[in-house]
Amino acid sequence: MSTPTSPQTDPSILLIDGHSMAYRAYHALPPEKFSTATGQTTNAVFGFVSMLLTALDAEAPTHIVVAFDRGRPQFRLDQHPGYKAGRAKTPPDFHGQVELIEDVLAALRIPVVGLEAVEADDVLATLARLAEEAGVEARIASGDKDAFQLVRPGVTVLYPRKGMTDLVRMTPEAVEEKYGVTPAQYRGHAALVGEKADNLPGVPGVGPKTAAKWLTTYGDLDGILENADDIKGKAGENLRAHVDDVARNYRLNRLLDDVELPLGIADAVRREPDREALGTLFDQLEFAVLGRRVEAVLGAGEGTDVAAAEVPEPVRVDSGSLRHELDAVRATDWVAVATDAAYVLGQGTVDHLALAAGDRVSLIDLTDLDAPATDALSAFLTDHPRLVAHDAKPQLKALWDAGFTGAHADWDTQLAGYLIEPDKRSHDLGDLASTHLGGALPDAPDDAPAADVAARAWAIAQLRPVLAEQLDAHGATGIMEQIEVPVLDILARMETRGIAVDRDRLDALGGEFREQADASAQAAYAAIGHEVNLGSPKQLQEVLFDELDMPKTKKTKTGYTTDAAALADLFARTEHPFLQHLLAHRDRTKLSQTVVGLEKTLADDGRIHTTYLQTVAATGRLSSKDPNLQNIPVRTEAGRRIREVFVPGAGADALLTADYSQIEMRIMAHLSGDPSLISAFLAGEDLHAFVGAQVFGVQTADVTPEMRAKVKAMSYGLVYGLSAYGLAQQLAIGVDEARGLMDGYFARFGAVRDYLSTVVEEARSRGYTETMDGRRRYLPALQSDRRQMREMAERAALNAPIQGSAADIMKTAMIRVDGAMREADLGSRALLQVHDEIIVELMPDEHEAVTDIVRREMAGAASLTVPLDVNVGIGSSWQDAAH
DNA sequence: TAGGGAGCGA
DNA sequence: ACGTCGCTCCCTAC
């Protein structure tokens, strides 16, 4: 498609009637199918944006403006106070969507015009005239038929049909075809027929056909009115009786093409979108598919493809020239490294490696290097103190696999992007280049994939100083260098090592769960007399609510929930055995699936190698995938049996688990400075019993298990921004009782309440929250005037400093533990991290030393006003090591 | 193939 | 409307 900045031989302007198109979208798309997690309806936004993309794609305009109605149409109201009266009130969820559309347009850098007292179509009519005078083709996208009067050579109206992406091109010929009148006659046509939506009645009994016939006979409306007396029949009679109405309609439906505008055609030149803002916005709107369409339509910075234009031709390096090349880049400050590392069948491969420093880019074909050159490169990757990569972790693993065992990274542009914008879903190099370099990466030519490696290295080299400066501005340089980079290396080693699994035991367990699941399914079928897919919520709803006529549960988007809590509740009411078997089946299939997932990822070396993601959790936590080892069951007896299959591997003789005790509550005590909470931790008492005693006004010894459970739920809930309603829901108690509990809590721990409200207010005024180590999370939604979004952001603001500080502490602990074990020359290594717990594989004779190290280094990872207690256990399996 | 429902963990 | 941060599975509609 055409590029916004390149000169065009055929300039054209796309003029969009914002309100009419948004309104059409609102009614064209079912709102229930377009709503975000926060409950925001987005059907109008979605429809508008897809229409916009379609039009941009099809018309490739060089200029664009969107006009919105604001205030009231003064000129028409003056003449006809009833103008647009009686129109259905705009639905409440429409207005907010117009704001969102304006947000999208701002991110796309599309100029928006909204004038008090002037309707959008008058603005468009004026712009169409200006365009014509400037020799610019105009395309008007409008759902308002009045626009048809503007059609002429050089001015086309795009009128939406049914779906939003089907735009009919109304040229002069198309208008004649459809209405039997010329565009110039269209106003008269509309005046005769009338417009219900605008409360402008026409001549009774005169429809499009008659109006067209009269207009062709008499030329225009004046001609008709002059000859009104000659027109026969009922229609003629009606016309004579309604001449005033028709004249009024004609005056009112004229679009003004001479309103004063704040911009001209030259100001409407298309500009590069703000991709960063657009990404954030589309994330919020949950427009994943549309986001990709934007890229397809707008191109990833096509036309300003700085990277493509400027990336220097790489120097091809061979064994003979390698040393010289390494010396050349060694003399520079930072050196960017990129590879084509990939994993195939659990084995890392890497064929090409590119280095970039300043404007010099060199490309090395690793498969072509002789042994001395390989050694030289290996030494370089080991010793150079300023290597920067993008998403270094998988590349390091591949390089280690390929024999470059000392390869390391000192900086990572992906981590930098993450620290700057932790809420973003992905941090592709291409995205960073678009955002910070003003142009996208060139596509890799199919015939020369290695050229892409060179371009990536070059982009990384350009990005490092830019991102380093931003990191500084965000106060995140320390976190990058002291925490994230060292952790990246440790994670790479943990992943490479993996954790050993007793395969036979895992298989046996899977069979056992499968059998139990099948038995439960059979029992469930028997209870209702037929088979049904127990995994289908839809079919379950039919059974429960239609067939068995049970009371309806809480609504979901597509029906009524069949989740475990609802099923348990239904069982309490109906005691229908089907429910019990269904719940048991759910339970067992879940466990069976977990086992299958583990079996699938169990590598030939008898170990499972998860992948930790360091740049996805907005709070600073890690996540784990393929498989996720951070959600292995632990709460039920059967679930814990899965933990028994994780065992020490060859050479090791035990596993050690070490976890922080109530780290989030301790951080809460520290950050709030609440004296009661602090003294509870200092006294080393059972926290929940202590809090229970305070809240219920009894001795600690008299706190019942029920009281303890309630207080525990509340304490943790507070960290997440729990409401009285939510607490009531969870504890199955009344909202009043829940509120009483919370009041009692805050009466005793007042500093906690103060802290929580301060956190939110500070975040609101500064724009971000901060962990103890200064890791920020930006929450612009705190300013939102949409309550639901704002409250969600407020809860995130409550939680982020606490969850994030815990994450920082754990990362620091991992670095300290790893360092201490190496320092002591121990062979034991950490294998897994589960947020507040690490799992270490113990070598013989190292149990005591590692236990000491882990205790000391974890407890010492932060200094709080309360102690950081660490529980340690050793055993023959993950389960056995639990304490 | 993408999104929803469900469920596991901290 | 009503508790944060994640990942994975299956089903279903497209």
Side-chain angles (χ1 to χ4, degrees), chain A residues 32-40 286-290 292 422-423 425 533-541 554-567 582-583 586-587 589-598 600-601 610-613 616-636 639 642-643 659-660 662-664 713-730 735 738 769 777 786-804 806-807 810 832-837:
Chain A
E32 64 276 6
K33 298 195 79 175
F34 294 88
S35 73
T36 67
T38 64
Q40 170 71 49
E286 298 170 10
F287 285 175
V289 179
L290 221 46
R292 285 192 285 281
D423 274 272
R425 284 262 159 250
N533 186 343
L534 297 174
S536 163
K538 197 175 161 228
Q539 294 183 36
L540 284 180
Q541 286 174 46
K554 215 173 70 177
K555 278 209 169 203
T556 66
K557 272 188 186 175
T558 52
Y560 299 93
T561 184
T562 63
D563 68 18
L567 294 180
L582 172 58
L583 281 164
R586 281 252 178 93
D587 211 46
T589 46
K590 177 75 182 176
L591 292 169
S592 158
Q593 281 164 9
T594 305
V595 169
V596 171
L598 294 175
K600 272 196 274 205
T601 52
T610 183
T611 302
Y612 287 101
L613 301 181
V616 295
T619 51
R621 273 190 176 180
L622 301 175
S623 71
S624 152
K625 67 160 188 159
D626 298 330
N628 183 357
L629 292 185
Q630 290 179 323
N631 71 342
I632 299 302
V634 69
R635 287 171 197 182
T636 63
I642 298 181
R643 292 188 173 221
D659 66 15
Y660 282 117
Q662 295 160 334
I663 187 168
E664 293 194 338
M714 178 167 53
S715 291
Y716 279 101
L718 288 175
V719 179
Y720 305 140
L722 184 64
S723 66
Y725 177 91
L727 183 62
Q729 196 83 20
Q730 190 191 320
V735 177
T769 62
R777 180 173 182 192
R786 288 184 281 276
R787 195 172 81 159
Q788 205 165 341
M789 287 191 69
R790 190 178 61 242
E791 289 183 341
M792 222 167 147
E794 285 170 354
R795 291 191 293 271
L798 286 177
N799 177 251
I802 296 172
Q803 192 181 108
M810 179 48 109
L832 303 179
Q833 187 254 41
V834 190
H835 307 307
D836 66 356
E837 169 185 20

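Any value given below was found using the heavy atoms of this structure, including those in side chains, with hydrogens, waters and symmetry copies removed.
- Within the nucleic acid shown, A:Ala564 comes within 4.0 Å of sugar-phosphate atoms alone, with no base atom in reach, counting heavy atoms only.
- Per the geometry, CG belonging to A:Leu534 stands 14 Å off P belonging to B:dA6, to the nearest Å.
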Practice prompt. With side-chain contact (heavy atoms from CB on, under 4.5 Å) as the test, would you mind laying out the steps for A:Tyr660 and A:His835 before giving the verdict?
Written response: CA-CA 9 Å; A:Tyr660 282 117; A:His835 307 307; over 6 Å; no
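- Note on A:Thr556: a side-chain N or O is less than 4.0 Å away from OP1 or OP2 of B:dG5.
- The nearest whole Å value for the distance from the CG atom in A:Leu540 to the C1' atom in B:dG7 is 14 Å.
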Item to complete: Please report the C-alpha distance between A:Tyr560 and A:Lys554 in whole Å, then the side-chain angles of each, then the deciding distance to 0.1 Å, and finally whether the side-chain contact (heavy atoms from CB on, under 4.5 Å) criterion is met.
Response: CA-CA 6 Å; A:Tyr560 299 93; A:Lys554 215 173 70 177; over 6 Å; no
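- No donor-acceptor pair closer than 3.5 Å links the side chain of A:Thr589 to the backbone N or O of A:Ser592.
- Remark: A:Arg621, A:Gln630 in residues 619-630 of chain A come within less than 4.0 Å of DNA chain B through at least one heavy atom.
- Contacts of A:Ile632 with the nucleic acid, taken as non-hydrogen atoms under 4.0 Å apart, involve only primed sugar atoms and P, OP1 or OP2.
- Among the protein residues, A:Thr562 comes within range of the sugar-phosphate backbone only, with heavy atoms under 4.0 Å from sugar or phosphate atoms but none that close to a base.
- Backbone-only contact: A:Val634 has heavy atoms under 4.0 Å from sugar-phosphate atoms and none from a base.
- Listed nucleotides: C:dG6, B:dG7, C:dC11. Nearest to the side chain of A:Ser536: C:dC11.
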Item to complete: Using the side-chain contact (heavy atoms from CB on, under 4.5 Å) rule, take A:Leu540 and A:Leu534 through it: C-alpha gap first, then chi angles, then the decisive distance, then the call.
Response: CA-CA 7 Å; A:Leu540 284 180; A:Leu534 297 174; 4.2 Å; yes
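- Across all strands, A:Val719 comes closer than 4.0 Å to no nucleic acid atom at all (heavy-atom distances).
- Among the atoms of the strands shown, none is found under 4.0 Å from any heavy atom of A:Ala724.
- Counting any heavy atom pair closer than 4.0 Å across all strands shown, A:Gly717 reaches a base atom.
- Heavy-atom distances to DNA chain C give each of A:Ala796 and A:Glu791 a nearest nucleotide, and the one nearer the 5′ end belongs to A:Glu791.
- Spacing between atom NZ of A:Lys555 and atom P of B:dG5 amounts to 12 Å, rounded to whole angstrom units.
- The closest side-chain heavy-atom distance from A:Thr562 to A:Arg586 is below 4.5 Å.
- A:Gln803 comes within contact range of at least one nucleobase, with a heavy-atom separation under 4.0 Å.
- With contacts defined as side-chain heavy-atom distances shorter than 4.5 Å, the pair A:Leu629/A:Val834 does not qualify.
- Counting any heavy atom pair closer than 4.0 Å across all strands shown, A:Arg777 reaches sugar-phosphate atoms only and no base atom.
- Nearest-nucleotide assignment on DNA chain C puts the 5′-proximal partner with A:Asp423, out of A:Asp423 and A:Pro537.
- B:dG5 and C:dA1 have their P atoms separated by 15 Å, given to the nearest Å.
- Look at CG on A:Asp563: it is 11 Å from P on B:dG5, rounded to the nearest Å.
- Neither OP1 nor OP2 of C:dC9 sits under 4.0 Å from any side-chain N or O of A:Thr594.
- Here C:dC10 presents its P atom at 16 Å from CD of A:Gln539, a figure rounded to the nearest Å.
- The CG atom of A:Leu722 sits 6 Å away from the P atom of C:dG3 (whole-angstrom rounding).
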Discussion item. Checking A:Met714 against A:Leu722 for the side-chain contact (heavy atoms from CB on, under 4.5 Å) test, could you report, in this order, the C-alpha distance in whole Å, the side-chain angles of both residues, the deciding distance, and whether it holds?
Written reply: CA-CA 8 Å; A:Met714 178 167 53; A:Leu722 184 64; 5.7 Å; no
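- One donor-acceptor pair, N or O on each side, does fall under 3.5 Å between the base of C:dG3 and the side chain of A:Gln730.
- No side-chain heavy atom of A:Asn628 sits less than 4.5 Å from a side-chain heavy atom of A:Thr610.
- In this structure, A:Lys590 reaches the bases: a heavy-atom distance under 4.0 Å links it to at least one base atom across the strands shown.
- If you take CG of A:Asp836 and C1' of C:dT4, they are 15 Å apart, rounded to a whole angstrom.
- Between A:Met789 and A:Met792 there is no side-chain heavy-atom pair separated by less than 4.5 Å.
- Whole-Å rounding puts the A:Asn533 CG to B:dG5 C1' distance at 13 Å.
- Residue A:Thr561 is classed as a sugar-phosphate contact, given heavy-atom separations below 4.0 Å to backbone atoms only.
- Looking at heavy-atom distances under 4.0 Å, A:Leu613 makes contact with sugar-phosphate atoms alone, never a base.
- Residue A:Arg425 qualifies as open at atom CZ: its count of foreign heavy atoms under 6.0 Å is 12 or below.
- For A:Lys538 and C:dA13, the shortest distance from a side-chain N or O to OP1 or OP2 is below 4.0 Å.
- In this structure, A:Arg635 reaches the B:dA10 phosphate: one of its side-chain N or O atoms is under 4.0 Å from OP1 or OP2.
- Comparing B:dA10, B:dG4, C:dC10 by their nearest atom to the side chain of A:Tyr720 picks out B:dA10.
- Look at A:Arg795 and you won't find any side-chain N or O under 4.0 angstrom from OP1 or OP2 of C:dG3.
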